[in-house]
Amino acid sequence: MSKKLANKIAVVTGASRGLGRATALRLAEEGATVIVHFGASQKAADEVVAEIVKKGGQAKAVGADLSTLAGAEKLADAVDSLDILINNAGVLEAGGLSNTTEEQFDKMFNVNVKSLFFVTQKLAPKIKDGGRVVNLSSVVSRTDFPGIAAYSATKGAVDVLTRAFANELGGRNITVNAIAPGATETEMAHGSLGNEEGRQFIQSIQALKRVGQPEEIADAIAAIVSSDGRWITGQVIEVSGGTKL
């Protein structure tokens, strides 16, 4: 059986761990050659590449600090052409209105919004017509979760940029969508899922009474970047187990 992403080239930002790692492995499983971007964790990125190669796939690791324009340009310079761009890189600094610092605020907007904008800007000319862009949003852009106001705002910005990019790139038959995970078992979510009380709260507000797994988010991404997703664009697709319905 032919693989859905055979002969495709995919760039996954923040692919050394968490959702990015799971997505890189899933796209490789479907036949894509994967550019595994990392910020600081080269060893972890190399391990992702090694796992893909061990299973018969193709991948390479590229390091770049995407919080700067120079970093976005460095990543773009490492890629000749691509079919799929997954804007996954992101950070979460806990804090509400009263206790978020300027440094935390700037860090989240630089990584979660600025980097997504300029990585897409620099790579868009290299995306083949008919390609795919997927931005990682979050359920928190739709519904409030206490203590992460600035982070939630960055994901609201991601949703807006998703629609804007979909319009701008649609003339080249490039689809642009956002996947919005709910609570998922990753290092980033450890603050809310690292204790039994937090896990029980999350499950209490979901239709499906369990915590999501990175592979389940990766499955949704793999589906939308295949030919099956060719008529879907400009959408924020929630993959949250039915959070706060």
Side-chain angles (χ1 to χ4, degrees), residues 12-14 18-20 22-23 66-67 85-101 104-121 132-170 175-193 198 201-208 211-214 216-221 223-225 229 232-245:
V12 183
T13 67
L19 298 182
T23 300
L66 299 187
S67 66
L85 171 60
I86 311 296
N87 283 311
N88 166 76
V91 295
L92 187 159
E93 298 277 342
L97 176 62
S98 64
N99 61 343
T100 298
T101 67
Q104 289 175 313
F105 187 97
D106 289 345
K107 180 179 179 180
M108 285 188 282
F109 270 88
N110 281 342
V111 177
N112 298 357
V113 182
K114 178 182 175 181
S115 77
L116 181 149
F117 185 96
F118 285 106
V119 166
T120 307
Q121 180 191 78
R132 303 280 187 268
V133 177
V134 176
N135 301 323
L136 266 292
S137 180
S138 171
V139 67
V140 303
S141 72
R142 172 180 66 82
T143 183
D144 178 59
F145 279 74
I148 52 171
Y151 174 79
S152 300
T154 68
K155 294 307 182 178
V158 168
D159 294 353
V160 171
L161 290 177
T162 295
R163 292 187 287 270
F165 292 170
N167 263 329
E168 192 157 347
L169 297 176
T175 69
V176 184
N177 293 287
I179 292 290
T184 309
E185 200 81 65
T186 64
E187 290 179 31
M188 182 181 288
H190 183 74
S192 58
L193 300 176
F201 168 73
I202 291 297
Q203 292 173 31
S204 74
I205 61 172
Q206 294 181 168
L208 302 179
V211 174
Q213 298 301 310
E216 293 173 308
I217 309 304
D219 286 345
I221 292 171
I224 204 168
V225 301
I232 304 169
T233 197
Q235 303 304 304
V236 178
I237 300 168
E238 193 171 298
V239 187
S240 71
T243 298
K244 289 190 177 182
L245 293 177

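- Between the side chain of Thr154 and the backbone N or O of Val113, no donor-acceptor pair lies under 3.5 Å.
- Asp106 is linked by a salt bridge (Lys or Arg N to Asp or Glu O under 4.0 Å) to nothing, counting only residues two or more places apart in sequence or in another chain.
- Counting only N and O atoms by type, the side chains of Thr23 and Asn88 include no donor and acceptor under 3.5 Å apart.
- Only one option out of Thr13, Asn135, Asn112 pairs with Asn87 in a side chain to side chain donor-acceptor pair (under 3.5 Å); it is Asn135.
- Proximity of a side-chain donor or acceptor of Thr184 to a complementary backbone N or O of Gly182 within less than 3.5 Å is detected.
- Side chains of Asn167 and Arg163 form no contact here, defined as non-hydrogen atoms less than 4.5 Å apart.
- Here the closest heavy-atom approach between residue Ile148 and residue Val140 is recorded as CD1-CG1, 3.7 Å.
- Contact record, Ser137 with Asp159: OG-OD1, 2.6 Å, taken as the closest heavy-atom pair.
- Every residue was checked against the salt bridge (Lys or Arg N to Asp or Glu O under 4.0 Å) condition with Glu168, not counting sequence neighbours, and none meets it.
- Between Ala183 and Val211, the closest heavy-atom pair is O-CG1, 3.8 Å.
- For the pairing with Ile221, the side-chain contact (heavy atoms from CB on, under 4.5 Å) check across Ile237, Val12, Leu19, Leu136 returns one residue only, Leu136.
- Not a single side-chain contact (heavy atoms from CB on, under 4.5 Å) links Ala149 to another residue, sequence neighbours left out.
- Taking all atoms of both residues into account, the shortest heavy-atom contact from Ile232 to Gln235 is CG2-CG, 4.0 Å.
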*Decide yes or no on side-chain contact (heavy atoms from CB on, under 4.5 Å) for Val139 and Phe145, but give the supporting numbers first.*
CA-CA 9 Å; Val139 67; Phe145 279 74; 4.3 Å; yes

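- Within the structure, salt bridge (charged side-chain N to carboxylate O under 4.0 Å, His left out) pairs that include any residue of residues 138-157 comprise Arg142-Glu238 (at least two apart or interchain).
- Annotation: side chain of Leu85 is in contact with side chain of Val119 (closest heavy-atom distance under 4.5 Å).
- Residues forming a ring-ring contact (aromatic ring centres under 6.0 Å, His included) with Phe105 (at least two apart in sequence, or on another chain): Phe109.
- The nearest pair of heavy atoms linking Thr233 to Val176 is OG1-N, 2.9 Å.
- Residues satisfying the salt bridge (Lys or Arg N to Asp or Glu O under 4.0 Å) criterion with Lys107, sequence neighbours excluded, are Glu93.
- Taking all atoms of both residues into account, the shortest heavy-atom contact from Ala218 to Ala22 is CB-O, 3.5 Å.
- Rounding to the nearest 0.5 Å gives a distance of 13.0 Å between CG of Leu116 and NZ of Lys114.
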